[in-house]
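Encoded as structure tokens, the structure appears first; notes follow it.
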Protein chains: 2
Amino acid sequence: MQSSEAKKEFIQVWGSLGSSWGINRTMSSIHALLMSSSKAMSTEEIMEALQISRGNANMNIRALIDWGLVKKRFVPGERKEFFEAGKDIWEIARQIAAERKKRELTPVLQVIDDLKAKEDQSDPHFTKLLNEMQEFTTTLTAVMEKFERSDRNWFFKRLMKLFS
Amino acid sequence: MQSSEAKKEFIQVWGSLGSSWGINRTMSSIHALLMSSSKAMSTEEIMEALQISRGNANMNIRALIDWGLVKKRFVPGERKEFFEAGKDIWEIARQIAAERKKRELTPVLQVIDDLKAKEDQSDPHFTKLLNEMQEFTTTLTAVMEKFERSDRNWFFKRLMKLFS
DNA sequence: CAGAACTTTCAGTAAATATTGAAAGATATT
DNA sequence: AATATCTTTCAATATTTACTGAAAGTTCTG
């Protein structure tokens, strides 16, 4: 499958966007490739399309599966695995938000808790900072959980309404 | 000024959080240091506290100023510059959101526009993807702009109401 | 169960990114 | 206007992160 110029550019852009958000370039490129492909692709095809090694392809496909962004797909009569990405953009956003919440927000809440316990109260300014940060993070977590559970459009509808 | 253990840990955690979001570790460490300091600090003091070189300190302080997270502060009788970070966590979040919108969301909208123009319509699936991505990005941009302009208490109140 | 088809791992290497420190550039001071 | 104080720049270097490819591992097939 030879991609159109537009698809290639899309893959490129998505890759660099990912990398500026702390997600490795290859991982987001594979994601873009699979999103823009209408059929599931094998590891070989991905390697070929992006000109990357087998090890790299394999590792990043696994990472995408881990993030819930890509699924294995068994193709009748084929022995090897095929992969496909979910195509609904709101669903993808929800998945990414949920994962980042789990990976980054939850640990931060934990750390703040620990710090508050350690902190000797000698610096009221710092104590206040920790408290506000805890409040902020807790609220943000709640927002993300709501988003995580909301159905496709409910959340953004509410949000837009809130701001209109 | 010798920081407490808790402050040191806070700086450390904030730094690694930043780096997992594509912001360089030193930049977020300096930010954490300044947030947790009740007085403005000079470049020298920052270098000393974080054990970093002058060049590194200077570059990252400039970046923080660029992001609107840190401000110069002239101290009477002192020739050198002092720096201080805003302390209001909602304000900080707003600033970061606004900057990332400007740096990443706006360019993406531009690219999608270009791609839609280039795309030859031969692949309806890809066309649909681009359209949905455009819709999504536009909505997200609108939400962030609202957040950007809203005043602190208003936003917080509305947000809490959404979840009650 | 031997061999083929495919997947995973990981030590070595390459590439990207961040940091240093010394020199050049400013700006103030006498 | 020479000197001192402070800031910025940037080529060299160090560190971190990502990638490769071959070998080991796994699963399927006849």
Side-chain angles (χ1 to χ4, degrees), chain A residues 11-34 40-67 69-84 103-104, chain B residues 11-34 40-67 69-84 103-104:
Chain A
I11 289 164
Q12 158 70 33
V13 167
W14 197 252
S16 73
L17 191 67
S19 95
S20 85
W21 282 84
I23 286 164
N24 110 28
R25 187 178 244 87
T26 303
M27 178 171 159
S28 26
S29 298
I30 295 177
H31 188 218
L33 175 66
L34 292 175
M41 296 177 79
S42 68
T43 302
E44 301 275 346
E45 288 171 314
I46 294 170
M47 287 165 62
E48 166 64 21
L50 302 178
Q51 294 293 309
I52 57 176
S53 74
R54 183 174 303 283
N56 196 11
N58 182 72
M59 280 182 42
N60 285 295
I61 292 168
R62 295 307 132 192
L64 283 164
I65 291 174
D66 229 50
W67 276 67
L69 295 170
V70 161
K71 289 208 173 346
K72 283 189 198 183
R73 172 81 176 278
F74 289 100
V75 172
E78 285 277 11
R79 186 157 157 197
K80 57 175 155 255
E81 299 174 326
F82 285 76
F83 305 97
E84 76 184 342
R103 288 164 200 246
E104 282 121 22
Chain B
I11 289 164
Q12 158 71 32
V13 166
W14 197 253
S16 72
L17 192 67
S19 94
S20 84
W21 281 85
I23 286 164
N24 113 26
R25 187 179 244 86
T26 303
M27 176 171 160
S28 26
S29 298
I30 295 177
H31 188 217
L33 175 66
L34 291 175
M41 297 177 78
S42 67
T43 302
E44 300 275 347
E45 288 171 314
I46 293 170
M47 288 166 61
E48 165 64 21
L50 302 179
Q51 295 293 309
I52 57 176
S53 74
R54 183 173 302 284
N56 196 11
N58 182 72
M59 279 182 41
N60 284 294
I61 291 168
R62 295 307 133 190
L64 283 163
I65 291 174
D66 228 51
W67 276 67
L69 294 170
V70 162
K71 289 206 171 349
K72 282 189 196 182
R73 172 82 177 278
F74 289 100
V75 173
E78 285 278 11
R79 185 158 156 197
K80 59 172 155 255
E81 299 174 324
F82 284 75
F83 305 96
E84 78 184 341
R103 289 164 200 245
E104 282 120 24

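First the proteins, then the strands, lettered A, B, ... as listed; each starts at 1.
The separation between Ile52(A) atom CD1 and dT13(C) atom P is 22 Å, rounded to whole Å. Taking atom CH2 of residue Trp21(A) and atom P of nucleotide dT17(C), one finds them 17 Å apart after rounding to whole Å. Atom CD in Glu44(A) sits roughly 14 Å away from atom P in dG21(D) (whole-Å rounding). Between Asp66(B) atom CG and dT8(D) atom C1' the separation is 14 Å, expressed in whole Å. For the pair Phe83(A) CZ and dT8(C) C1', the interatomic distance rounds to 11 Å; values are reported in whole Å. Protein atom NZ of Lys80(B) is 8 Å distant from nucleotide atom C1' of dC6(D), rounded to whole Å.
In this model, the phosphate group of dA18(D) is not approached by any side-chain N or O of Asn56(A) to a distance below 4.0 Å at OP1 or OP2. Under 4.0 angstrom from either OP1 or OP2 of dC6(D) there lies no side-chain N or O belonging to Thr43(B). Side-chain nitrogen and oxygen atoms of Asn58(B) include none within less than 4.0 Å of the OP1 or OP2 phosphate oxygen of dT7(D).
Within the nucleic acid shown, Arg62(B) comes within 4.0 Å of sugar-phosphate atoms alone, with no base atom in reach, counting heavy atoms only.
A residue-by-residue look at Phe82(A) and Ser19(A) shows that Phe82(A) has its nearest nucleotide of DNA chain C further toward the 5' end. With DNA chain C read from its 5' end, the first of the two nearest nucleotides for Gly55(A) and Thr26(B) is the one closest to Gly55(A).
When the nucleotides dA18(D), dA18(C), dT20(C) are ranked by their closest atom to the side chain of Asn24(A), dA18(D) comes out on top.
Looking only at distances, a side-chain donor or acceptor of Glu45(B) sits under 3.5 Å from a matching main-chain atom of Ser42(B). Checking side-chain atoms of Asn60(B) against main-chain N and O of Asn56(B) turns up a donor-acceptor pair under 3.5 Å.
Summarising the geometry of Ala57(B) relative to Thr43(B), their closest heavy-atom pair is CB-CG2, 4.1 Å, with the distance given to 0.1 Å.
By the 30° and 60° cut-offs, the orientation of the rings of Trp14(B) relative to His31(B) is tilted.
Counting atom types as modelled, Arg79(B) pairs a side-chain N or O with a base atom of dT27(C) as donor and acceptor under 3.5 Å.
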